A.B. asks: 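Below is one structure. I have some questions about it.
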Amino acid sequence: QVQLVESGGQLVQAGGSLRLSCTASGRTLSSYAVGWFRQAPGKEREFVAGISGSGAYTYYGDSVKGRFTISRDNVKNTVYLQMNSLKPEDTAVYFCAAAYGTWRGVSSVDYWGQGTQVAVSS
């Protein structure tokens, strides 16, 4: 069993930056690919970014490419999402998710965190 806890969400002005953290407990995170998703009120869940267990491979949703960076520190059992040039449309609850082995999208997710709220004001 893996427990995921997100942190770092807050209110920020457009153009600003935030770094979200997803910290795991229960098992070593290095065996899991990890992804970030977000969901805004009234909208479907959206894939934001993913990273392989080793950190060698990263994946991004089209709406965040060039602005967000996913990274991980397997010693700290933590995955990060650095968000730059934030826009009001980035406002959402951000969730991290872990998939054992290879990242194959949302269908491969084994564990979800509870989410952290990000609000971007214009």
Side-chain angles (χ1 to χ4, degrees):
Q1 193 78 0
V2 175
Q3 292 80 41
L4 302 173
V5 177
E6 303 93 336
S7 62
Q10 62 179 314
L11 174 64
V12 64
Q13 287 190 332
S17 298
L18 279 178
R19 189 177 78 160
L20 304 183
S21 299
C22 172
T23 301
S25 61
R27 291 185 181 176
T28 180
L29 200 56
S30 60
S31 298
Y32 292 82
V34 174
W36 284 96
F37 294 81
R38 66 186 182 187
Q39 189 164 20
K43 294 188 177 181
E44 293 186 353
R45 181 175 52 198
E46 178 187 12
F47 170 73
V48 176
I51 188 166
S52 63
S54 67
Y57 301 98
T58 57
Y59 317 91
Y60 295 95
D62 289 340
S63 62
V64 306
K65 282 180 182 177
R67 299 189 298 123
F68 290 11
T69 302
I70 190 170
S71 62
R72 67 191 299 158
D73 184 338
N74 284 339
V75 173
K76 295 183 178 179
N77 243 22
T78 299
V79 172
Y80 304 99
L81 184 68
Q82 178 66 43
M83 305 187 295
N84 298 329
S85 302
L86 283 162
K87 305 174 182 179
E89 51 263 44
D90 294 318
T91 295
V93 178
Y94 284 71
F95 301 88
C96 66
Y100 186 78
T102 303
W103 181 257
R104 297 180 300 277
V106 66
S107 62
S108 64
V109 170
D110 298 301
Y111 304 101
W112 290 90
Q114 293 299 307
T116 186
Q117 176 71 54
V118 172
V120 184
S121 63
S122 57

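As the structure is a computational prediction, the values presented were derived from the model and not from experiment. Just the heavy atoms: all of them, side chains too, but no hydrogens, waters or symmetry mates, feed the values below.
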A.B. asks: Any side-chain heavy-atom pair from Thr91 and Gln117 closer than 4.5 angstrom?
C.D. replies: yes
A.B. asks: Asn74 side chain to Gly53 main-chain N or O, any donor-acceptor pair under 3.5 Å?
C.D. replies: yes
A.B. asks: Is a donor on one side and an acceptor on the other found under 3.5 Å between the side chain of Glu6 and the backbone of Gly115?
C.D. replies: yes
A.B. asks: Can you check whether Leu81 reaches Phe68 side chain to side chain, under 4.5 Å on heavy atoms?
C.D. replies: yes
A.B. asks: Let me confirm one number: the CG-CZ distance from Asn84 to Arg19, rounded to the nearest 0.5 Å.
C.D. replies: 11.5 Å
A.B. asks: Could you tell me whether Lys65 and Asp62 have a side-chain N and a carboxylate O separated by less than 4.0 Å?
C.D. replies: yes
A.B. asks: Examine Tyr100 and Trp36 and state if one hydrophobic cluster contains both, with Ile, Leu, Val, Met, Phe, Trp and Tyr joined whenever side-chain heavy atoms are less than 4.5 Å apart.
C.D. replies: yes
A.B. asks: A side-chain contact here means heavy atoms from C-beta on lying under 4.5 Å apart; do Tyr32 and Arg27 qualify?
C.D. replies: yes
A.B. asks: Compute whether any side-chain donor of one residue and acceptor of the other, for Ser71 and Gln82, lie under 3.5 angstrom apart.
C.D. replies: no
A.B. asks: Would you indicate whether the side-chain heavy atoms of Arg45 and Val106 approach each other to under 4.5 Å?
C.D. replies: yes
A.B. asks: Looking at every non-hydrogen atom in both residues, tell me the closest pair between Ala14 and Pro88 and how far apart they are.
C.D. replies: CB-CD, 4.1 Å
A.B. asks: Any heavy-atom pair between the side chains of Asn77 and Thr28 that's under 4.5 Å?
C.D. replies: yes
A.B. asks: If Ile, Leu, Val, Met, Phe, Trp and Tyr residues are connected whenever their side-chain heavy atoms lie under 4.5 Å apart, and connections chain through other members, are Phe37 and Val118 in the same group?
C.D. replies: no
A.B. asks: I'd like to know if Tyr111 and Phe47 are part of one continuous hydrophobic network [Ile/Leu/Val/Met/Phe/Trp/Tyr, side-chain heavy atoms within less than 4.5 Å].
C.D. replies: no
A.B. asks: Identify whether Val64 and Tyr80 are in the same connected component of the hydrophobic contact network (ILVMFWY, side-chain heavy atoms under 4.5 Å).
C.D. replies: no
A.B. asks: What are the two closest non-hydrogen atoms of Leu4 and Ala24, and how far apart are they?
C.D. replies: CD2-CB, 3.8 Å
A.B. asks: Can you see whether Ser21 engages Thr23 through a side-chain donor-acceptor pair at a distance of less than 3.5 angstrom?
C.D. replies: no
A.B. asks: As an exercise, state the distance from NZ of Lys87 to OG of Ser122, rounded to the nearest 0.5 Å.
C.D. replies: 14.0 Å
A.B. asks: Can you find a pair of side-chain heavy atoms, one from Met83 and one from Ser17, that are under 4.5 Å apart?
C.D. replies: no
A.B. asks: Angle between ring planes, Trp112 versus Phe95, binned at 30° and 60°: parallel, tilted or perpendicular?
C.D. replies: perpendicular
A.B. asks: Checking side-chain polar atoms at under 3.5 Å, does Arg38 have a donor or acceptor matched by the opposite partner on Tyr94?
C.D. replies: yes
A.B. asks: What I'd like to find out is whether the side chain of Arg72 reaches to under 4.5 Å of the side chain of Val34, using heavy atoms alone.
C.D. replies: yes
A.B. asks: I would like to know whether Val5 and Cys22 meet side-chain contact (heavy atoms from CB on, under 4.5 Å); could you show each step before the answer?
C.D. replies: CA-CA 5 Å; Val5 177; Cys22 172; over 6 Å; no
A.B. asks: Any idea which heavy atoms bring Ala40 and Ala92 closest together, and the distance?
C.D. replies: N-CB, 3.8 Å
A.B. asks: Does CD in Glu89 sit with more than 12 non-hydrogen atoms of other residues, nucleotides or ligands closer than 6.0 Å?
C.D. replies: yes
A.B. asks: With a 4.5 Å cut-off on side-chain heavy atoms, are Val79 and Cys96 touching?
C.D. replies: no
A.B. asks: How far apart are the closest heavy atoms of Gly16 and Val12, and which atoms are they?
C.D. replies: CA-CG2, 4.1 Å
A.B. asks: side-chain contact (heavy atoms from CB on, under 4.5 Å), that's the test. Do Trp103 and Val109 meet it? Break it down for me.
C.D. replies: CA-CA 8 Å; Trp103 181 257; Val109 170; 4.0 Å; yes
A.B. asks: Say whether, by atom type as modelled, one donor and one acceptor occur between the side chain of Tyr60 and the main chain of Ile70 under 3.5 angstrom.
C.D. replies: yes
